[in-house]
Protein chains: 2
Amino acid sequence: MVTLAEVAQHAGVSASTVSYVLSGKRSISGATRQRVEQSIRELGYHPNAGARALASSKSNIIALMIPLRTDMYVPVMMEIAIAVATTARTHGYDVLLLTGEEGPDAVRRVTGSGLADAMILMDVQLDDERLPLLRGTDQPSVLIGLPADTSGLTCVDLDFKATGALCVEHLAMLGHRDIAVIGEAPAVYERHTGFAERTLDGLRLRSQELGMRLLHRPCEGGYDAMAVTLARILDERPSTTGFVVQNESAVEPLLALLRQQGRAVPEDVSVVGICPDQVATQASVRLTSVSIPAQEMGRHAVEQLVAKLDGRGSDEVLLITPELTVRASTGPAPSPTH
Amino acid sequence: MVTLAEVAQHAGVSASTVSYVLSGKRSISGATRQRVEQSIRELGYHPNAGARALASSKSNIIALMIPLRTDMYVPVMMEIAIAVATTARTHGYDVLLLTGEEGPDAVRRVTGSGLADAMILMDVQLDDERLPLLRGTDQPSVLIGLPADTSGLTCVDLDFKATGALCVEHLAMLGHRDIAVIGEAPAVYERHTGFAERTLDGLRLRSQELGMRLLHRPCEGGYDAMAVTLARILDERPSTTGFVVQNESAVEPLLALLRQQGRAVPEDVSVVGICPDQVATQASVRLTSVSIPAQEMGRHAVEQLVAKLDGRGSDEVLLITPELTVRASTGPAPSPTH
DNA sequence: ATAGGTTGTCGAAGCGCTTCGACAGCTTTT
DNA sequence: AAAAGCTGTCGAAGCGCTTCGACAACCTAT
């Protein structure tokens, strides 16, 4: 491995000069800079990460904690992770991948060892056991998701409450009065995952305000589970004409089942999805949906973090405004007469 | 931050002794060891990663390069990534997430800077431009996927050629003679991604051996693309009774379309998937499939890598034997008489 | 022409750890 | 009883970098 010292020698300057060329923290004459840069190129020099971290107390690494569960839509996680990684790179950071498995210990380990300069947490529970640790350290962090108490924390998330409201409003506008919500798997609610509960809040509140009836049923993904759930819903509330689906792996099964039962979408029933655009556009009926801006969330999280690391930025909650795209799965409610 | 020296002082020993307690590289008396461990716990000591990396020239980090494309089934990537991360942790390694974006430069950067001790590459092209770099360095690496020339490389992958053969055999055994293959998106083939081509090889070879007719059509995911593709296939070869699907986002669309056209699965046509079990079991018809052992691949990759880092292990190609699970989507070919 | 600024460069200290050689105090062998 | 070998511990060097203070060399202003 070629070292700073070797570059310095090759360029006929001192080591510190090379360092300053690299960091730009002191002014260097054009001639010297060029000579040094030339040497760096010729020798194929790459600064040693460990030495750098030791001397500067900065690792230039951002830790990203992803959940290892797979009961929530995985592509969203992946898209966030990729957005985090690419955005981090544009700011000169690399990303360390941590799974939720280690839990709070991972936070301790990373902060304690200086492995990373900052961290991003995904899959935040309303009352997450990692939060006290984050509050108790001076290491910057950003949550993707919203816990119950956001004081002293920086968070980025879709405004799921507004998302719920938006879905209800769209269906209300079309004349629907009885709505059923196909939710995430029961485990997601038991775990008190913020986004699921907030969506539900938004749905309930707005439907109440608009005088609509709302039925919420958690649902494991897949065809069989969806069949059972749908049967129960139609049994309990046959007048249901609008569906809101928040479980991506229930979308296609729902559409298939409705078709199979002779209920036309959108003539007889309307369906609104809360899912990535890709799912909405690839479904057998192009789905009216509120999209999950995974990329945007990942990007914002990194940018907040970098701002903090640069001494700018502060603790604040950034809620992304949901947008509903009308596609082919929603239409006017059928008149009750026929 | 508490340092080694502070622990040493607290325990009344020298710094090197503490280091040896931590690494176990020299024998330490029970009494001393306990005193040191006690101090470590009391002070909440965590070794500094940068210092460690500098002094030992080992970062205890494995780099994982994932593709940033999303035209291939993302959950598989995610599952591999998670398996890699958790397996790595059990061996004391952390995982650095790199996206394919940087390409060969990422390899140079990581090897050059000592950021990681080893790397795992996913989404390997048959003629991948990162390979010469890997061969030219002494940093261990493992590929998930198979390039054209594997000399001097360690690879882990599902045996896709055998997978193709297996699918054909299953359909042959059931009496099918005309088979259509719904492949990955055209871009995947244009890129010469190994697994897609090897599957095709296996399918073609075995169907030829068994005297079957095979039609291969790439297909973007989604309902609309699948509709077009299916129409073309049935137009060109109306006698088709067996389908092999290698594009996971075409599975449900295909099933829906067949249903819609009044072709019953498995009575009229049989469908075999090459996809993760989750997709196969959640489909509207439980799919006979060869599963993609994502976890196993991630785990094996890490274990090969750790073996190399420990001086054991060698360059070899590990092909995982495919397994076909019969579910509800395949049955005897309809007799040609009716 | 001299005091006061800049600008560009260098030397040296030190970041927190690992690791090598040394060695004191034992135990075993001859 | 001396030589040889273990064990457990320590001190010091050094990994490759950043950063601070020092200081020539050159510019202004007066």
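Each chain gets a letter, A, B and so on, in the order its sequence line appears, and its residues count up from 1.
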Strictly below 4.0 Å, heavy-atom distances to any atom of DNA chain D: list the hits from residues 42-51 of chain A, or just say none. A:Tyr45, A:Pro47, A:Asn48, A:Ala51
According to a strict under-4.0 Å criterion, is B:Thr3 in side-chain N/O contact with OP1 or OP2 of C:dG16? no
Whole angstrom value for the distance that separates P of C:dT18 from CG of B:Asn60: 10 Å
From CD of A:Glu6 over to C1' of D:dC17, roughly how many Å is that when rounded to an integer? 13 Å
Of the candidates C:dC17, C:dC10, D:dC17, the side chain of B:Leu4 sits closest to C:dC17
Heavy atom of residues 27-40 of chain A under 4.0 Å from DNA chain C: which residues? A:Ser27, A:Ile28, A:Ser29, A:Thr32
Exercise: identify the closest heavy-atom pair between B:Ala301 and B:Val142: O-CG2, 3.8 Å
Got a sec, which pairs hit salt bridge (Lys or Arg N to Asp or Glu O under 4.0 Å) with one end in residues 42-67 of chain A, sequence neighbours left out? none
Whether the A:Arg41 and A:Gln38 side chains hold a donor-acceptor pair (N or O, under 3.5 Å, no angle test) is what I'd like checked. yes
Can you name the closest pair of heavy atoms from A:Tyr45 and A:Leu4 and give their distance? CE1-N, 3.5 Å
Side-chain contact, heavy-atom cut-off 4.5 Å: B:Ile320 with B:Asp159? no
Side-chain heavy-atom pair A:Leu64, A:Met119 within 4.5 angstrom cut-off: no
How close or far is atom C1' of D:dG16 from atom NZ of A:Lys58, stated in whole angstroms? 17 Å
Do NZ/NE/NH1/NH2 and the carboxylate oxygens of A:Arg89 and B:Asp105 come within less than 4.0 Å? no
Determine the minimum heavy-atom distance between A:Ser314 and A:Gln304, stating which atoms define it. O-OE1, 4.2 Å
With a 4.5 Å limit on heavy-atom distance, are the side chains of A:Pro75 and B:Pro75 in contact? yes
Could you write nucleotides 19-29 of chain C as a row of B, S and -, 5' to 3', where a protein heavy atom under 4.0 Å of any base atom gives B, of only sugar-phosphate atoms gives S, and otherwise -? BBBB-------
Which atom names give the shortest non-hydrogen contact between A:Thr99 and B:Ala85, and what distance separates them? CG2-CB, 3.6 Å
List in chain and number order the residues that pass ring pair (Phe, Tyr, Trp, His ring centres under 6.0 Å) with A:Phe195, two or more places apart in sequence or in another chain; answer none if no residue qualifies. A:Phe160
Among A:Leu153, A:Leu134, A:Leu121, A:Asp127, find the residue that satisfies the side chain to side chain contact (heavy atoms under 4.5 Å, CB included) test when tested with A:Pro147. A:Leu153
Quick one: does A:Glu102's side chain have a donor or acceptor within less than 3.5 Å of a partner on A:Gly100's backbone? no
Rounded interatomic separation in angstrom, taking CG from A:Leu54 and C1' from C:dC15: 4 Å
Quick one: is B:Arg52 getting a side-chain N or O under 4.0 Å of the C:dG16 phosphate, OP1 or OP2? no
Just report the end-to-end axis angle for the helix from C:dG5-D:dC26 to C:dT30-D:dA1, five pairs per end, to 10 degrees. 50°
